[in-house]
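Please read the structure below before turning to the comments.
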Amino acid sequence: MEYNFKKTEQQSKQFWKEQKVYKVENDPSRRKYYVLDMFPYPSGAGLHVGHPLGYIASDIFARFKTMKGYNVLHPMGFDAFGLPAEQYALETGQHPAVTTEKNIARYKEQLDNSGFNYDWAREVRTSDPAYYKWTQWIFLQLFESWFNRSTQKAEPVSTLIAILKKEGNSHHPLPSGKERLITAEEWQNATGSERRNILMEYRLAYLDYAEVWWCEALGTVLANDEVINGVSERGGHPVEKKKMRQWFLRITEYADRLTSSLNDLDWSEAMKEMQKNWIGKSEGASVLFDIQGSDKKLEVFTTRPDTIFGVDFMVLAPEHELVNEITANTDKNTVEEYITYVKSRSERERMMEKKISGAFTGAYAVHPFNGKSIPIWISEYVLAGYGTGAIMAVPSGDERDFAFAQHFNIPVTNIFGEQFNGEGVITDKNIPLHNSDFINGLNAQEALPVILSEIESKGIGKRKINYKLRDAGFSRQRYWGEPFPIVYKNGIPYAINEPEAALTEEQQQLPVTLPHIENYKPGPQGEGPLANISEWVTLTNTKGETLKRETNTMPGYAGSSWYFLRYMNPANDTTFADRNATDYWNQVDLYIGGTEHAVGHLLYSRMWTKVLSDLGWIGFDEPFKKLLNQGMIGGNSRLVYRISGTQQFVSAGLKDKYTTDAIHVDVNIVDGVELDIDKFKSWREEYRNATFILEDGRYICGTLLEKMSKRYYNVVNPDDIIGQYGADTFRMYEMFLGPVEMGKPWDTKGIEGVHRFLKKFWRLFYDEQQGWIVTDGEPAENELKAMHKSIKKIESDTGKLALNTAVSQFMICVNELSDMHCHKRHILDPLVRLIAPYAPHIAEFLWQQLGHSGSVVHAAFPQWEEQYVTENTKRYPVAINGKARTEMEFALDADPARIETEVLANPAVQKWTEGKEIKKFIYVKGKMLNVVVG
RNA sequence: GCGGGUGUGGUGAAAUUGGUAGACACGCUAGACUUAGGAUCUAGUGCCGCGAGGCUUGGGGGUUCGAGUCCCUCCACCCGCACCA
């Protein structure tokens with residue numbers, strides 16, 4: 001019997017199922033390890049060959065850790081709420097619950113085919129009421145909390161109420177930055193709804209009438225990270241700014257903590273940078289400028305207050321609230337025209353072509369130090385959403401200001417002396433300032449504290465930290481998501497369990513279940529489909545009042561922001577996860593997933609974790625200790641060339657002689673680059689009578705590396721690969737392709753090598769003629785050496801997640817053992833355990849064949865013995881007075897005193913050092929030996 | 001423009017972190033066994049050269065006895081952000 005992967009895999013799977021080997025217990029007596037994959041969204045297309053890359057790596061690592069004695073949690077679940085299922089429902093009328101269920105079943109089947117070690121009893125689905133009950137509960141935690149800037153922590157709103165009652169908000173300004181002082185007296189005199197409005201300004205989940213990204217095509221609002229280059233991330237539809245009443249998460253309050261605690265995380269620099277850039281912390285000052293002929297003041301944010309003597313003009317965003325008020329009558333027309341022009345430009349246009357444009361308002365600001373008049377302009381290069389929506393322009397020190405000044409012929413003040421030649425701007429912070437009154441001669445670092453204290457003492461501004469990060473939109477006008485546990489009474493939102501809402505016991509219960517609907521069309525006035533179900537929306541409370549439910553649903557990232565906690569205690573119905581469970585499993589030790597979630601999911605889950613930690617529900621405030629980003633596996637497309645206007649196809653090498661159209665052809669009907677002409681003819685009706693111009697009797701296809709996608713016909717399904725070569729080959733090949741974090745195009749060709757290796761491995765145990773050939777003989781030294789070398793290398797590679805080189809080492813080891821005709825149990829037994837994380841099916845099968853009673857899943861990872869591993873010697877050059885003279889061999893860990901003796905005894909060294917005094921021996925990095933003679 | 005990353009055979013990639021560059025595999029060439037092989041095994045395979053030998057890690061320069069690895073500089077590609085004041 002040759003290596004029959006179908007049989008071994010089926011038997012092993014059966015065995016695992018019967019023995020329940022993947023059951024995971026919360027066992028505090030054992031040291032834990034938590035390996036997590038970013039759970040998939042179960043799309044209709046199923047998994048392609050690129051998806052499992054990370055899953056395989058995490059599975060190998062989880063199995064490895066288990067065999068090293070850890071209690072390992074390596075769960076899997078589904079991010080099951082979301083837009084695509086609903087879009088599909090709109091097109092086909094199939095209920096999202098039905099398609100989601102179907103897709104999950106398909107995904108699970110595919111995942112099981114690869115032999116992953118999930119304990120499906122711990123599966124979570126974000127669309128499951130038993131799960132989203134707790135998503136809603138956490139939302140209420142956010143709603144009922146505020147961020148206390150003094151303690152830098154989330155606290156229940158009750159502590160805020162106590163503070164407001166006692167001292168008003170003088171020590172706790174509104175998070176939005178709006179200047180509004182509330183005294184204790186005002187608070188006492190405020191009505192119930194006024195108080196609620198004030199509290200709303202502080203809540204971590206809050207309702208606000210604010211500008212959001214609206215996507216007409218998707219019929220919903222999107223978060224900033226869901227909008228890419230001015231179009232929606234999903235579908236690439238245009239988006240526009242729109243003012244709507246929306247739920248938001250006050251993530252900006254955590255901006256500082258989210259930035260600073262990145263330092264403690266074992267994430268790639270790229271990933272940390274992306275988050276830092278997204279949060280965009282910048283330190284500077286806000287400065288108030290008087291406006292001539294107005295009692296209003298103009299507030300700007302600048303990171304370079306030291307350049308304040310170089311201000312030549314001010315620029316406001318066209319949407320700035322002061323624009324109307326300050327514009328001089330003579331300039332009204334130009335300004336209005338300009339604003340109309342700006343409004344006519346779509347977000348996308350604005351980003352694509354950055355034109356210098358603007359208009360003068362006719363108004364002037366007053367320089368706070370020298371009283372100079374400064375013209376006030378408006379321009380779209382100043383963004384309403386950042387800082388104060390207004391800047392002081394310093395053309396000699398800022399590219400954009402300079403370009404603007406040049407374009408509109410605004411005279412430029414030089415504050416850098418000879419360094420500034422009127423052509424390029426000066427951004428170097430070491431250049432001393434000129435023309436700058438009391439900070440003349442100081443460079444930026446020196447001038448900064450001086451000017452800041454001057455600004456602060458004059459009361460015209462203060463130090464300020466600004467963030468790019470915006471509060472996250474949390475409402476979606478969609479059906480397939482978590483309903484909010486919120487009701488409205490006279491337009492004021494209440495949590496369903498608040499006494500003021502006076503709901504019945506039953507109405508107060510979580511979850512607020514998503515009702516079944518048949519019609520997915522949007523509701524009236526930009527509301528979601530839920531607004532169409534009046535019997536669900538309207539409810540009567542115990543006082544007989546009529547209340548309305550929130551009809552929006554939560555965004556996709558709600559459920560995924562905390563799912564890693566649910567795996568720890570998935571069936572709990574009294575809390576989201578028991579504190580004992582979260583204390584035990586604690587942080588995710590290794591999190592594997594793609595970079596596409598850099599600023600979305602990864603930021604939101606970090607925030608939620610911090611909030612839950614602040615409120616004392618969990619004992620850690622960062623969710624993912626180590627993050628590994630697997631590379632994307634790209635598609636390797638095949639092209640055929642059709643002579644334009646015909647059904648004649650020309651082979652790639654000859655295509656330049658004709659005018660051709662390149663057409664994607666299904667990679668599955670191409671062998672390497674050679675097209676299977678018969679399969680091609682039956683692939684599509686239109687090609688049935690195609691004719692071909694061949695080269696050397698073959699039709700050669702063109703190749704193209706691009707995204708793996710249905711529409712390029714370059715999708716390779718793991719099921720096909722597993723069907724042809726088996727899951728063990730598939731797993732090892734994916735790892736063999738290269739480092740997990742590196743992206744690469746899929747190429748099926750090389751898989752033969754891995755498959756051959758497994759067949760060879762099998763032949764160590766089984767011989768065609770003699771059957772099972774494992775013997776009990778004592779192993780020879782060289783056999784032990786081969787084995788222990790591999791154990792050492794593979795253990796260290798696996799630990800470092802260098803899984804590609806580990807696979808290579810397996811091949812080396814098996815090649816050596818088969819050259820030695822080694823079939824000894826003493827060698828093969830450890831080898832089976834060694835390979836078990838990588839090729840679990842064949843390992844289990846052989847483990848049973850070797851007569852063990854338990855599963856290899858619970859066997860111990862083999863230990864290497866130093867005596868068989870250490871290389872004895874290595875050749876090093878011995879240099880004399882810095883020049884290489886001779887090479888000698890030394891034991892790697894030899895005693896330095898012995899090396900010195902040996903070196904001096906060497907004839908070549910004696911010859912060069914003859915008659916000279918030996919001054920000293922130098923070990924370079926503990927390896928290279930230098931002899932210095934006098 | 002800013003930030004991060006990568007450049008090594010025909011291909012995917014290794015390199016004990018400054019110590020014999022190209023492990024391991026694909027592919028290719030020859031051969032063996034075979035009715036046959038897309039099974040298996042053996043040998044070869046960075047480039048130039050008949051050869052001795054020489055050259056070689058994107059280009060150039062440097063440090064070092066010694067550089068794929070460290071420093072400077074230029075080039076190319078990939079990813080992220082992008083009027084963020």
Side-chain angles (χ1 to χ4, degrees), chain A residues 2 228-229 268-282 284-286 300-305 307 314-315 317 350-351 354-356 379-383 385-394 397-401 403-404 466-470 595-596 598-599 629 631-632 634 671-672 732-733 736-739 741-757 759-760 763 768 792-793 796-797 802 804-815 818 871 874-887 892 924-925 927-930:
Chain A
E2 265 215 324
I228 306 215
N229 290 330
S268 72
E269 267 325 296
M271 216 59 177
K272 289 186 185 180
E273 278 304 316
M274 271 190 240
Q275 291 222 337
K276 277 185 201 162
N277 286 342
W278 187 258
I279 297 167
K281 179 177 180 171
S282 53
S286 76
V300 301
F301 173 73
T302 174
T303 53
R304 293 291 304 275
T307 62
M314 315 292 284
V315 188
R350 211 184 61 76
M351 286 171 130
K354 288 167 194 165
K355 283 195 270 188
I356 299 173
S379 171
E380 61 177 339
Y381 89 85
V382 173
L383 307 173
Y386 183 76
T388 61
I391 62 160
M392 57 176 222
V394 182
D398 184 284
E399 298 274 0
R400 295 150 302 170
D401 299 347
F404 192 84
N466 225 319
Y467 297 96
K468 244 158 71 176
L469 185 70
R470 298 281 79 119
T595 51
E596 65 272 20
V599 293
N629 298 113
M632 283 257 276
D671 180 17
M732 290 194 96
Y733 182 58
F736 182 73
L737 277 173
E741 52 273 61
M742 203 182 280
K744 54 229 140 194
W746 174 263
D747 180 10
T748 306
K749 269 279 175 213
I751 201 168
E752 291 285 352
V754 177
H755 195 55
R756 253 172 234 156
F757 151 75
K759 286 195 269 193
K760 205 165 182 176
R763 286 198 298 270
E768 210 54 35
K792 183 179 160 80
K793 171 97 171 123
S796 109
D797 282 353
N804 54 329
T805 48
V807 174
S808 292
Q809 187 61 39
F810 278 116
M811 295 181 179
I812 295 168
C813 183
V814 167
N815 282 343
S818 84
E871 292 287 342
K874 185 117 194 173
R875 289 183 73 81
Y876 289 116
V878 173
I880 295 156
N881 276 357
K883 289 219 157 189
R885 298 302 181 200
T886 187
E887 284 205 344
L892 276 183
V924 181
K925 303 260 173 186
K927 277 177 183 166
M928 210 315 266
L929 192 64
N930 241 314

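Lettering of chains follows the sequences in order, A, B, ..., and the numbering in each one begins at 1.
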Starting from the 5' end of RNA chain B, give me the residue, A/T595 or A/I812, whose nearest nucleotide shows up first.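 Its nearest nucleotide being more 5', the pick is A/I812.
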
Which residue lies toward the 5' end of RNA chain B, A/T388 or A/M274, if each is placed at its nearest nucleotide?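 The 5'-side residue here is A/M274.
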
At under 4.0 Å between heavy atoms, what does [X] touch on the DNA or RNA strands: base, sugar-phosphate, or nothing?
X: A/V382; value: base
X: A/M271; value: nothing
X: A/K760; value: sugar-phosphate
X: A/P745; value: nothing

Using a distance-only test with no angle check, is there a side-chain donor-acceptor pair under 3.5 angstrom linking A/D797 and A/T805?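 Result is yes, a qualifying pair exists.
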
If we ignore angles and hydrogens, is there a donor and acceptor under 3.5 Å between the side chains of A/D401 and A/Y381?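 The criterion, which ignores hydrogens and geometry beyond distance, is satisfied for A/Y381 and A/D401.
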
Distance below 4.0 Å between [X] side-chain N/O and [N] OP1 or OP2:
X: A/N815; N: B/A25; value: yes
X: A/N804; N: B/G12; value: no
X: A/S282; N: B/A85; value: yes
X: A/R763; N: B/C41; value: yes
X: A/K759; N: B/U40; value: yes
X: A/R756; N: B/C26; value: yes

Can you tell me the base-pairing partner of B/G27? Count Watson-Crick or G-U wobble geometry only, both distances below 3.5 Å, and say none if there is no partner.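 Pair assignment: B/G27 / B/U45.
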
With rounding to the closest Å, how many angstrom separate the [atom1] atoms on [N] and [M]?
N: B/A21; M: B/A14; atom1: C1'; result: 10 Å
N: B/G53; M: B/G3; atom1: C1'; result: 48 Å
N: B/C26; M: B/C79; atom1: C1'; result: 28 Å
N: B/A13; M: B/U6; atom1: C1'; result: 14 Å

Rounded to the nearest 0.5 Å, what's the gap from CD1 on A/I751 to CH2 on A/W746? Could you check?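 One finds 5.0 Å between CD1 of A/I751 and CH2 of A/W746.
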
Exercise: identify the closest heavy-atom pair between A/P305 and A/M392: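 Smallest interatomic distance, heavy atoms only, reads CA-CE, 4.4 Å.
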
